[in-house]
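Have a look at the structure below before the remarks.
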Amino acid sequence: GIQVEQSPPDLILQEGANSTLRCNFSDSVNNLQWFHQNPWGQLINLFYIPSGTKQNGRLSATTVATERYSLLYISSSQTTDSGVYFCAVKPNSGYALNFGKGTSLLVTP
Amino acid sequence: GAVVSQHPSWVICKSGTSVKIECRSLDFQATTMFWYRQFPKQSLMLMATSNEGSKATYEQGVEKDKFLINHASLTLSTLTVTSAHPEDSSFYICSARDGVRHDGYTFGSGTRLTVV
């Protein structure tokens, strides 16, 4: 099946810093989403971004489908940004989302 | 956006009993829903694909007789953990996609199952 690799696995930032999370995938996809999992386990959909660039406030994402990677940018980080960020993809040949192992982010005051 | 409702949010049950988890699409119809399981500090792993009006498709290594899936309508899928054991304790989460909105997959809020 498709491989989804996220980096870094863990990240500690001071409040106000910027960061870039990366997602590499091993096959062609027609769906890519970035999620933030909060401490209660709920998955918050950040971006549906199979290609191109999108921005939502302090967050933005870019997917280069031809090179099989996506980036999630977090600017001016806040303590509430802490949690686990997942990249999930649906290969062209599949039906369900496949998740990476996530990046665990801790933003300190 | 699309909304998926999942109940209960948490459940504690005794070993040997069965537990049913419901997943509903509130504002769209879902011919296909997906069930995932997440162990602590791990990623989400797809357990099965639930198909309305037909049998579910299970991923390799998932016991279909232990995890019974029923998708009787276009808005409801249920996962029943039968004869639960402590090793079944996990976070279960369902997902569906609104084929009209084209904005990806939406996830329920998850069910934390503890078997004692």
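Below, chain A is the first sequence line, B the second, and so on; all start at residue 1.
Between the OH atom in A:Tyr48 and the CZ atom in B:Arg97 there is a gap of 7.5 Å [rounded to 0.5 Å]. The distance from atom CZ of B:Arg112 to atom CH2 of A:Trp40, rounded to the nearest 0.5 Å, is 12.0 Å. Rounding to the nearest 0.5 Å places CD of B:Gln38 at 7.0 Å from CG of A:Leu43.
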Test side-chain contact (heavy atoms from CB on, under 4.5 Å) on A:Tyr95 and B:Thr32 and set out the steps. CA-CA 9 Å; A:Tyr95 297 94; B:Thr32 304; 5.7 Å; no
How far apart are the C-alpha atoms of A:Lys101 and B:Gln42, what are their side-chain angles, what is the distance that settles it, and do they pass the side-chain contact (heavy atoms from CB on, under 4.5 Å) test? CA-CA 7 Å; A:Lys101 292 186 177 181; B:Gln42 294 189 22; over 6 Å; no
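Most heavy-atom pairs under 4.5 Å with chain A: of the set B:Phe34, B:Phe107, B:Tyr105, this distinction falls to B:Tyr105.
Counting heavy atoms of neighbouring residues, nucleotides and ligands inside a 6.0 Å radius, atom CD of A:Gln14 does not exceed 12 of them.
In this structure, the portions of B:Leu44 lying under 4.5 Å from any heavy atom of chain A include both its backbone and its side chain. If you measure heavy-atom distances from A:Phe47 to chain B, you find no contacts under 4.5 Å at all. In this structure, chain A has no heavy atom under 4.5 Å from any part of B:Gln6.
When every heavy atom of A:Ala96 is checked against every heavy atom of B:Leu46, the shortest pair comes out as CB-CD2, 3.6 Å. Contact detail for B:Ser43 and A:Gly100: the closest heavy-atom pair is OG-O, 2.5 Å.
No donor-acceptor distance shorter than 3.5 angstrom exists from the side chain of B:Ser109 to the backbone of A:Gln42, with no hydrogens or angles considered.
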